[in-house]
Protein chains: 2
Amino acid sequence: MLEFAILGLLQQSPMHGYELRKQLAEVLGGLRSISYGSLYPALKRLHAAGLVCTDEPDRRAPLPADAPPLTGRRGKVVYTITAEGKERFAELVSQAGPEAYDDGRLFGVHLAFFRHTAADVRLRILEGRRRTVERQRDGLRSSLARTRERLDRYTLELQRHGLDSVDREVRWLSELIDSERRDPGRQTGEGPEPPSGTD
Amino acid sequence: MLEFAILGLLQQSPMHGYELRKQLAEVLGGLRSISYGSLYPALKRLHAAGLVCTDEPDRRAPLPADAPPLTGRRGKVVYTITAEGKERFAELVSQAGPEAYDDGRLFGVHLAFFRHTAADVRLRILEGRRRTVERQRDGLRSSLARTRERLDRYTLELQRHGLDSVDREVRWLSELIDSERRDPGRQTGEGPEPPSGTD
DNA sequence: TCCCGATGTATCGTCCCGATACATCGACCG
DNA sequence: CGGTCGATGTATCGGGACGATACATCGGGA
């Protein structure tokens with residue numbers, strides 16, 4: 001998930017971890033920002049996989065355990081996406097497996113990079129997500145109907161509010177889907193499928 | 001968090017892990033259910049801490065690494081809360097530190113056990129949560145105002161929807177708080193503070 | 001009878017998080 | 001001129017939660 005988001009951001013321009021985190025928070029909807037404990041390991045994984053590279057020479061690897069803990073100049077590290085990284089990102093964008101629908105955050109990241117996504121894949125993702133949320137809504141609704149008498153006021157309120165939220169999300173997704181259907185080619189931008197290519 | 005929820009459920013009646021998971025999903029708002037990878041380690045921690053006990057004799061500990069992987073009868077295990085567990089739960093309920101407000105799930109669990117919670121603590125928790133969500137809302141709102149022109153339609157929609165959600169949550173909390181203020185002693189039930197005790 | 005799905009317990013590797021430590025830089029102030 | 005304070009910036013650690021998976025039991029239908 002995080003890797004996907006990082007690749008998407010680095011595709012736009014090279015960045016520091018710090019900056020990356022801020023952009024990430026912005027893209028993710030502002031409410032939940034990513035922690036450094038997630039970000040740096042993710043960057044390390046991406047670097048190890050050759051999907052990003054750094055301008056930092058090699059001050060990273062050596063450092064034996066007995067050295068005083070990193071009291072050498074620790075400069076900024078700018079991360080840049082590689083050609084493999086771009087390939088991988090395009091792959092992730094176009095595949096959009098069903099796991100993208102269950103996790104709201106992964107869906108959010110996908111949505112944030114929709115301008116890199118082909119119109120048919122966009123529709124697939126939106127509908128998949130709607131299906132997931134609809135299932136949640138139905139489960140919640142029947143659970144609420146089943147347990148209406150057994151539960152106290154607070155639990156009931158919590159479930160009512162939750163049901164209202166998912167219900168609104170379904171409607172929101174439906175609006176997005178409708179608008180997508182009305183005007184499929186809206187702003188694909190730089191997707192891997194130019195509109196002239198009819199496969 | 002999970003420990004808190006488990007103790008709260010076991011307080012009502014002893015249960016299997018499987019059953020516990022279903023109840024948990026119900027209490028948590030139905031949308032996100034807990035996985036066994038969380039549940040069983042949590043039960044193990046609680047058992048190690050002496051907060052719950054099992055009816056299972058001791059088929060658990062031995063089993064050296066070279067034995068064929070657990071081909072002995074593995075029966076159901078009923079977990080029961082201990083006296084220490086009840087104490088701990090009452091402690092967690094009444095303390096309700098500020099960390100309860102940041103995490104929506106922890107807040108949800110607290111809310112689900114509000115009938116075990118004293119009225120003043122209830123109010124404190126609700127207001128703390130509202131403050132957290134208000135901050136989220138304000139941050140999101142200003143971020144949206146700042147970036148309105150730079151972002152594409154999809155990201156904007158995502159943020160608009162997110163803002164709408166937190167806004168609704170604030171209003172929902174405000175209604176709960178108002179109703180709580182109007183009628184503080186509503187249904188404390190079995191809280192550790194009987195209404196006659198004026199401290 | 002035999003298999004299949006629901007029930008049920010348990011672990012593994014992985015991801016993510018909060019807390020923390022450490023380092024650099026500019027600004028403001030004495 | 002120097003000091004410190006907050007923003008910027010990199011990095012790790014322990015722990016919690018998750019998905020996937022394995023294993024076991026039991027009832028019912030082909």
Side-chain angles (χ1 to χ4, degrees), chain A residues 1-6 15-25 28 31-49 54-56 59-63 65 67-79 97-106 109, chain B residues 1-6 15-25 28 31-49 54-56 59-63 65 67-79 97-106 109:
Chain A
M1 192 280 279
L2 235 194
E3 276 91 340
F4 181 41
I6 291 173
M15 259 183 270
H16 300 175
Y18 197 87
E19 178 74 12
L20 215 33
R21 183 180 182 245
K22 283 194 295 185
Q23 302 272 338
L24 232 28
L28 265 280
L31 345 89
R32 59 184 311 102
S33 81
I34 238 62
S35 84
Y36 294 126
S38 316
L39 181 58
Y40 285 107
L43 283 171
K44 196 182 289 186
R45 289 195 296 272
L46 287 173
H47 189 251
T54 69
D55 60 346
E56 188 79 345
R59 185 158 304 279
R60 316 173 63 77
L63 265 301
L70 231 299
T71 317
R73 146 152 192 71
R74 180 163 29 169
K76 303 183 181 183
V77 182
V78 176
Y79 293 89
E99 76 280 355
Y101 317 139
D102 293 343
D103 185 357
R105 283 178 309 181
L106 187 49
V109 174
Chain B
M1 192 278 279
L2 234 194
E3 277 91 340
F4 181 41
I6 291 173
M15 259 183 268
H16 300 174
Y18 197 86
E19 177 74 11
L20 215 32
R21 183 178 183 248
K22 283 194 295 186
Q23 301 274 337
L24 232 28
L28 265 280
L31 345 89
R32 59 183 310 99
S33 82
I34 239 59
S35 84
Y36 294 125
S38 316
L39 181 57
Y40 284 108
L43 283 171
K44 195 183 289 187
R45 288 195 299 272
L46 288 172
H47 188 253
T54 70
D55 60 346
E56 188 79 344
R59 186 158 304 279
R60 316 172 64 76
L63 264 302
L70 231 298
T71 316
R73 146 154 190 71
R74 179 162 29 169
K76 302 184 182 184
V77 183
V78 176
Y79 292 89
E99 74 280 356
Y101 317 141
D102 293 344
D103 185 356
R105 281 177 309 182
L106 187 47
V109 174

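Note that these values count all heavy atoms, side chains included, but never hydrogens, waters or copies made by symmetry. Lettering follows sequence order; numbering is per chain, from 1.
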_With rounding to the nearest 0.5 angstrom, report the OG1 to NZ distance, B/Thr54 to B/Lys44._
12.5 Å

*Would you indicate which nucleotide in C/dA10, D/dA11, D/dC18 comes nearest to any side-chain atom of A/Tyr79?*
D/dA11

*How would you label the contact of B/Arg45 with the nucleic acid (heavy atoms, under 4.0 Å): base, sugar-phosphate, or nothing?*
sugar-phosphate

_Counting only Watson-Crick pairs (N1-N3 plus N6-O4 or O6-N4) and G-U wobbles (N1-O2, O6-N3), all under 3.5 Å, who is the partner of C/dT20?_
D/dA11

_Residue met sooner reading DNA chain C from 5', once B/Pro41 and B/Lys22 are mapped to nucleotides_ = B/Lys22

*Closest approach of A/Gly17 and A/Leu43, non-hydrogen atoms and distance?*
CA-CD1, 4.3 Å

*asked:* Which heavy atom of B/Leu2 sits nearest to which heavy atom of B/Ala42, and what is that distance?
replied: CD1-CB, 3.9 Å

*Rounded to the nearest angstrom, tell me the gap between atom CG in B/Leu39 and atom P in D/dG16.*
14 Å

*asked:* Strictly below 4.0 Å: does B/Tyr36 bring a side-chain N or O up to OP1 or OP2 of C/dA10?
replied: no

_Under-4.0 Å side-chain N/O to phosphate OP1/OP2 contact, B/Lys44 with C/dT9_ = no

*D/dT10, C/dC16, C/dT9: which one has an atom nearest the side-chain heavy atoms of B/Tyr18?*
C/dT9

*Within the structure, does a side-chain N or O atom of B/Ser35 lie under 4.0 Å from either OP1 or OP2 of D/dA17?*
no

*Identify which nucleotide among D/dA17, D/dA11, D/dT12 has an atom closest to any side-chain atom of B/Met1, counting heavy atoms from C-beta outward.*
D/dA17

*asked:* Side-chain N or O of A/Lys76 versus OP1/OP2 of C/dC25: is the shortest distance under 4.0 Å?
replied: no

*NA contact type, B/Gly37, heavy-atom cut-off 4.0 Å: base, sugar-phosphate, or nothing?*
base

*Can you check whether B/Tyr40 has a side-chain N or O nearer than 4.0 Å to OP1 or OP2 of C/dT9?*
yes

*Roughly, in whole Å, what's the span from CD1 in B/Ile6 to P in D/dA17?*
9 Å

_A/Leu106 versus A/Met1, closest heavy-atom pair with distance_ = CD1-CG, 3.6 Å

_Closest approach of B/Tyr40 to B/Tyr18 (non-hydrogen atoms, all atoms of both residues)_ = OH-N, 4.1 Å

*To the nearest Å, give me how far apart CD (A/Glu19) and P (D/dG9) are.*
7 Å

*Starting from P on C/dC16, measure out to CG on A/Leu24 and report it in whole angstrom.*
10 Å

